[in-house]
Amino acid sequence: MPELPEVETVVRTVAPRLVGRRLLKIRCFTRKPWARSVRKAEGQTVHSVRRYGKFILLELDQGLLAIHLGMTGKLLASIDEGPYTRAVLVLDQGTVLFDDVRQFGSVRWLRREPGKLGPDALAVTAEDFLRRLRARKARLKPLLLNQSFLRGLGNIYTDEALFRAGIHPLAMAARLTGQRGLRLHSAIVEVLSEAVAKGGSSISDYVDADGRQGWFQLQHRVYQRTGEPCVVCGEPIRRILVSQRGTHFCPRCQRR
DNA sequence: TGGAATGTTCGGCT
DNA sequence: AAGCCGAACATTCC
């Protein structure tokens with residue numbers, strides 16, 4: 001489920017349940033190694049909840065609780081534990097569940113925020129973005145997915161941003177003209193802002209902490225529209241594999 | 001039945 | 001060193 005807009009939506013919906021609350025206990029139902037670190041969070045008060053790239057960070061008295069939703073993780077303001085509930089945050093008032101079918105997600109206690117990530121995809125300035133593009137000898141699709149280059153983009157919004165900018169996913173980052181680099185920066189900020197405003201994309205079963213779906217999937221122009229006509233030129237949308245990820249683009253609007 | 005799915009990490013190769 | 005590739009993690013859905 002989770003790229004920047006989905007994580008941002010979860011943060012906004014879960015924050016009111018967590019801020020000011022005391023984490024009495026964290027019960028884990030998994031044998032993943034991350035479950036052992038959460039003990040250090042028990043007994044602590046949650047001072048703030050914020051998004052850091054695709055991480056949800058709970059600021060505690062000491063250190064942070066870092067939640068990553070992986071591919072299918074959900075944070076739910078609920079007490080209805082199900083077969084995929086991997087952790088239960090027991091608060092002094094209420095509970096929050098961490099459900100995760102595929103178990104690529106995690107909840108772990110950290111001394112400080114995760115290091116070595118690039119600037120936030122919604123906050124990066126055009127100048128900084130251009131400078132960073134220039135410094136990389138890599139193709140755009142894998143580069144934009146790389147969280148140490150820019151944090152927050154995933155497969156959906158990378159494809160959507162490249163389409164909006166009219167840039168081929170295999171184009172070399174360092175060889176983009178300044179104009180096209182700026183266009184890409186605007187496309188990224190625009191598509192992410194619009195998606196946040198729509199509560200993210202519910203392409204399989206993504207829901208926010210209150211169980212509500214997002215609606216941005218209705219605005220997707222290329223992602224999972226293989227064979228359907230391009231909304232701009234009518235050419236069928238093509239799907240290729242780029243570093244093992246399905247990559248969708250319009251061969252006419254996004255020439256190499 | 002095989003393949004694909006919103007993600008990250010690690011080892012190996014160039 | 002940087003970047004690419006494939007595999008691995010676990011499960012469901014079509």
Side-chain angles (χ1 to χ4, degrees), chain A residues 1-11 28-35 51-56 66-75 82-87 98-108 110 114-118 121 132-162 169-175 188 191-192 195-196 198-208 213-227 237-248:
Chain A
M1 89 159 85
E3 300 181 33
L4 186 153
E6 292 76 33
V7 176
E8 179 67 29
T9 304
V10 171
V11 164
C28 296
F29 306 93
T30 175
R31 266 171 278 185
K32 296 274 179 187
W34 57 256
R51 182 183 61 75
Y52 184 80
K54 300 180 194 173
F55 286 91
I56 298 165
I67 302 168
H68 198 294
L69 300 175
M71 205 81 115
T72 52
K74 303 176 187 180
L75 266 196
Y84 305 116
T85 300
R86 310 299 180 185
F98 173 62
D99 282 21
D100 187 13
V101 173
R102 286 174 70 183
Q103 295 184 249
F104 290 173
S106 60
V107 180
R108 47 170 57 105
L110 303 177
K116 74 179 170 58
L117 269 60
R132 299 176 70 86
L133 274 185
R134 289 280 135 70
R136 294 300 196 114
K137 187 178 184 300
R139 300 180 190 277
L140 279 172
K141 170 82 186 216
L143 185 60
L144 293 174
L145 287 175
N146 184 345
Q147 303 297 297
S148 57
F149 175 72
L150 195 65
R151 73 179 119 99
L153 285 178
N155 210 31
I156 298 175
Y157 298 102
T158 297
D159 283 3
E160 293 296 321
L162 285 168
L170 295 178
M172 300 299 292
R175 302 185 60 177
I188 289 169
V191 76
L192 292 175
V196 169
K198 299 259 180 186
S201 300
S202 288
I203 66 156
S204 63
D205 64 348
Y206 157 74
V207 287
D208 68 20
Q213 295 189 91
W215 296 104
F216 193 72
Q217 67 279 8
L218 303 175
Q219 310 293 316
H220 292 176
R221 300 180 190 172
V222 288
Y223 183 77
Q224 286 192 341
R225 292 193 64 246
T226 310
I237 298 304
R238 192 171 293 170
R239 177 182 180 279
I240 58 174
L241 268 186
V242 180
S243 46
Q244 342 274 98
R245 310 301 301 277
T247 297
H248 314 76

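Chain naming here is simple, since letters A, B, ... match the order of the sequence lines and numbering starts at 1 in each.
For A:K32, counting side-chain heavy atoms from C-beta on, the closest listed nucleotide (C:dT11, C:dA10, B:dG7) is C:dA10. For A:Y84, the side-chain atoms get nearest to C:dT12 when compared with the rest of C:dT11, B:dT8, C:dT12. In the set C:dC9, B:dA5, B:dT8, the nucleotide with an atom closest to the side chain of A:K54 is B:dT8. Across C:dA10, B:dG7, B:dT8, the shortest atom-to-atom separation from the side chain of A:Q147 is found for B:dT8. Distances from the side chain of A:V101 to the nucleotides B:dG7, C:dC4, C:dT11 place C:dT11 closest.
Going from atom CD of A:Q103 over to atom P of B:dT8 covers 17 Å, rounded to whole Å. We find that CD1 of A:I240 is positioned 19 Å from P of B:dG3, with the value rounded to whole Å. Taking atom CG of residue A:N146 and atom P of nucleotide C:dC5, one finds them 14 Å apart after rounding to whole Å. Between the CE atom of A:M172 and the C1' atom of C:dA2 there is a distance of 11 Å, rounded to whole Å. Distance CG (A:D99) to C1' (C:dT11): 14 Å, rounded to an integer number of Å. Between the CD1 atom of A:I203 and the P atom of B:dG7 there is a distance of 9 Å, rounded to whole Å. Atom-to-atom, CG of A:N155 to P of B:dT8 comes out at 11 Å; the value is rounded to the nearest Å. For the pair A:L241 CG and B:dG3 C1', the interatomic distance rounds to 11 Å; values are reported in whole Å.
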* To do: Start with the C-alpha distance between A:T72 and A:Y84, add both sets of side-chain angles, then the distance that settles side chain to side chain donor-acceptor pair (under 3.5 Å), and finish with yes or no.
  => CA-CA 10 Å; A:T72 52; A:Y84 305 116; over 6 Å; no
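In this model, the phosphate group of B:dT8 is approached by a side-chain N or O of A:H68 to a distance below 4.0 Å at OP1 or OP2. For the OP1/OP2 pair of B:dG7 and a distance below 4.0 Å, the side-chain nitrogens and oxygens of A:R245 include at least one atom meeting the criterion.
For B:dT8, the paired nucleotide is C:dA8, the pair qualifying as Watson-Crick or G-U wobble because both relevant distances are below 3.5 Å.
Where A:Q244 and A:K137 meet DNA chain C, the nucleotide closest to each residue was compared, and A:K137 sits on the side nearer the 5' end. Each of A:K116 and A:R102 was matched to the nucleotide of DNA chain B holding its nearest heavy atom; the match closer to the 5' end belongs to A:R102.
Separation of atoms CZ (A:R151) and OH (A:Y52) is listed at 4.0 Å; rounding is to 0.5 Å.
Atom CZ of A:R175 has 12 or fewer heavy atoms from other residues, nucleotides or ligands within 6.0 Å. Within a 6.0 Å sphere centred on CZ of A:R238, heavy atoms belonging to other residues, nucleotides or ligands number 12 at most.
A:N155 and A:K141 are linked by a side-chain donor-acceptor pair at a separation below 3.5 angstrom, with hydrogens and angles left out of the test.
A stacking contact between A:F104 and B:dT8 is absent: the pair does not combine a ring-centre distance of less than 5.5 Å to the base's six-membered ring with planes differing by less than 30°.
At a threshold of 4.0 angstrom between heavy atoms, the contacts of A:R239 are confined to the sugar-phosphate backbone, with no base atom among them. Within 4.0 Å of A:Q224, counting heavy atoms only, lie sugar-phosphate atoms of the nucleic acid but no base atom.
Ion pairing between a basic and an acidic side chain is recognised when a charged N comes within 4.0 Å of a carboxylate O; A:K74 and A:D205 show such pairing.
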